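Reading through the structure tokens given below for one structure.
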Number of protein chains: 2
Amino acid sequence: MDATEPGLCLVLVDDHPVVRAGLRALVESQADLDVVGEARDAAAAEDVVRRTRPDVVLMDLNLGAGPGGAATTALLRNLPQPPRVLILTTYVTETDIRTALDAGASGYLLKDAPPDELFRGIRAVARGETVLASDVAALLVRRVNSPEPALTEREVQILGLLADGLANKEMARRLLVSEATVKSHLAHIYTKLAVESRAGAVAKAIEQRIIRA
Amino acid sequence: MDATEPGLCLVLVDDHPVVRAGLRALVESQADLDVVGEARDAAAAEDVVRRTRPDVVLMDLNLGAGPGGAATTALLRNLPQPPRVLILTTYVTETDIRTALDAGASGYLLKDAPPDELFRGIRAVARGETVLASDVAALLVRRVNSPEPALTEREVQILGLLADGLANKEMARRLLVSEATVKSHLAHIYTKLAVESRAGAVAKAIEQRIIRA
DNA sequence: CCCGGCATCATCCGTTCGGCTATCGCGGGG
DNA sequence: CCCCGCGATAGCCGAACGGATGATGCCGGG
């Protein structure tokens with residue numbers, strides 16, 4: 001490690017103080033990694049990033065109330081000289097990954113990864129590389145060449161409402177379409193998920209992490 | 001702090017290495033707290049507790065695959081000279097708290113608590129006190145004077161079949177009862193879970209971990 | 001340029017749900 | 001001893017659902 005190397009500046013975004021403090025202690029055990037700020041929500045994240053100009057932001061996807069990690073990622077990436085964003089979260093949903101990467105995240109790691117992988121991930125992201133946890137990558141790959149047809153965006157949306165227990169008529173109102181359209185989407189969903197009822201669809205969708213519980 | 005005081009011995013149980021390492025760094029910043037072991041699942045927890053005989057175990061409720069934190073708590077509490085168990089987790093569901101406390105946990109804190117509260121919690125639990133995060137306490141109190149939605153064994157059974165997408169007639173056949181009975185159980189389930197459809201019931205049941213996803 | 005997937009909408013029809021009300025036997029706690 | 005919760009049962013009825021079938025417009029790849 002070159003002594004003239006300034007090291008990487010990090011900002012932590014997580015709504016749990018315990019996790020933040022823990023992460024800070026962890027990464028600061030590495031000589032080349034420095035935590036220059038923390039935030040517990042989107043607003044604080046923007047503020048601290050504007051002031052500290054970090055190289056990499058470690059972002060939890062689930063920020064409790066307010067804007068989620070994906071939205072916050074997009075927010076930070078739209079700043080001038082935006083930092084790289086490395087998602088560090090617990091649950092994996094296909095749509096979570098997609099939206100996070102679409103929002104401009106450079107990587108996606110899980111909290112059940114060993115610290116080593118985290119350190120390597122941070123450095124890789126700082127270099128401009130993209131890093132994905134193997135579980136995450138596997139999930140994406142499985143989707144690509146799986147015999148199971150992928151659900152459309154609209155269908156996933158319907159599934160979300162379905163899990164909220166809404167009737168077809170309600171969904172139609174929410175989505176500003178007719179009830180016939182909703183039933184049509186549902187029929188497709190049933191076929192793709194190989195189920196034959198709303199309840200079965202919800203269970204399978206959660207099980208396959210198409211929607212979160 | 002008395003120099004002859006040996007300090008409190010802790011074991012961390014969490015399936016996320018990042019969180020474990022973070023927690024370790026955090027609590028070891030306190031002179032009187034020592035982490036003597038870590039575990040990522042129930043089996044490892046039992047093993048390390050048997051060997052290290054800690055005063056307090058910090059337990060995550062969501063241990064990924066295998067036995068959950070509540071089951072692990074019960075396991076540890078049934079050992080000879082059991083350690084105190086302090087639940088340290090993210091989400092709060094009524095049933096989570098109940099089962100954890102029933103399993104013999106001495107406290108229930110949330111990961112969004114400030115580190116200070118955590119340190120105080122650990123010391124209090126070690127002294128034999130019971131500690132509850134204020135959010136948790138509020139939730140429990142609310143439960144006491146509101147009709148508690150404790151589902152019957154039969155009702156949980158119905159929920160399982162419901163998540164498989166079975167029709168009432170099918171469930172009736174499986175359970176060797178009439179369809180009327182099934183509908184009766186469903187009506188009770190809807191009331192207790194505060195939903196009004198099968199799909200909503202499935203989602204809420206999975207969310208509250210009444211049935212597995 | 002045509003085909004296919006997607007989203008949209010429509011109608012028909014038989015089945016299923018879910019709410020309502022009511023009954024019955026059983027067991028436990030006041 | 002009586003009441004209550006639980007499981008089981010029944011019938012009624014309007015609303016919701018799910019399948020089948022077909023049609024339109026749009027867009028993108030071959």
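Lettering follows sequence order; numbering is per chain, from 1. Fair warning: this is a prediction, and the values are worked out from it, not measured in the lab.
- Heavy atoms of A/T181 sit under 4.0 angstrom from at least one base atom.
- The neighbour count for B/R174 CZ, taken as heavy atoms of other residues, nucleotides or ligands under 6.0 Å away, does not exceed 12.
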Output, in order, the C-alpha distance, side-chain angles, deciding distance and verdict of salt bridge (charged side-chain N to carboxylate O under 4.0 Å, His left out) for A/D15 and A/R20.
-> CA-CA 8 Å; A/D15 59 333; A/R20 281 204 309 274; over 6 Å; no
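- Within the structure, every side-chain polar atom (N or O) of A/R154 is placed at least 4.0 Å from both OP1 and OP2 of C/dC6.
- Distance CG (A/L186) to C1' (C/dC9): 15 Å, rounded to an integer number of Å.
- Among the heavy atoms of the strands lying under 4.0 Å from B/K169 are primed sugar atoms or P, OP1, OP2 only; no base atom is included.
- Identified under the salt bridge (charged side-chain N to carboxylate O under 4.0 Å, His left out) test for residues 59-70 of chain B, with sequence neighbours left out: B/D60-B/K111.
- Rounded to a whole Å, the CG atom of A/L175 is 11 Å from the P atom of C/dA7.
- Computed from coordinates, the A/K183 NZ to C/dT15 P distance equals 15 Å when rounded to whole Å.
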Enumerate, atom names and distances included, each donor-acceptor pair closer than 3.5 Å involving a side-chain atom of residues 63-74 of chain B, sequence neighbours excluded.
residue	atom	partner	partner atom	Å
B/T72	OG1	B/G68	O	2.7
B/T73	OG1	B/G69	O	2.7

Output, in order, the C-alpha distance, side-chain angles, deciding distance and verdict of side-chain hydrogen bond (donor to acceptor under 3.5 Å, both in side chains) for B/T181 and B/S184.
-> CA-CA 5 Å; B/T181 305; B/S184 169; over 6 Å; no
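- Annotation: side chain of B/I122 is in contact with side chain of B/V27 (closest heavy-atom distance under 4.5 Å).
- First and last contacting nucleotides of DNA chain D toward chain B (any atom under 4.0 angstrom from a heavy atom, 5' to 3' order): D/dC6 to D/dA10.
- Side-chain contact check for A/L10 versus A/V36: every heavy-atom pair is 4.5 Å or farther apart.
- B/H185 comes within 4.0 angstrom of the backbone, heavy atoms only, and of no base.
- With the nearest nucleotide of DNA chain D identified for both A/E179 and B/E179, B/E179 has the one nearer the 5' end.
- Atom CZ of B/R173 is separated from atom P of C/dT16 by 10 Å (rounded to the nearest Å).
- With rounding to whole Å, B/I189 atom CD1 is found 11 Å from C/dG18 atom P.
- A sub-4.0 Å separation between OP1 or OP2 of C/dT16 and a side-chain N or O of B/N168 is absent.
- Backbone-only contact: A/A167 has heavy atoms under 4.0 Å from sugar-phosphate atoms and none from a base.
- Using a 4.0 Å heavy-atom distance criterion, B/S197 is classed as a sugar-phosphate-only contact.
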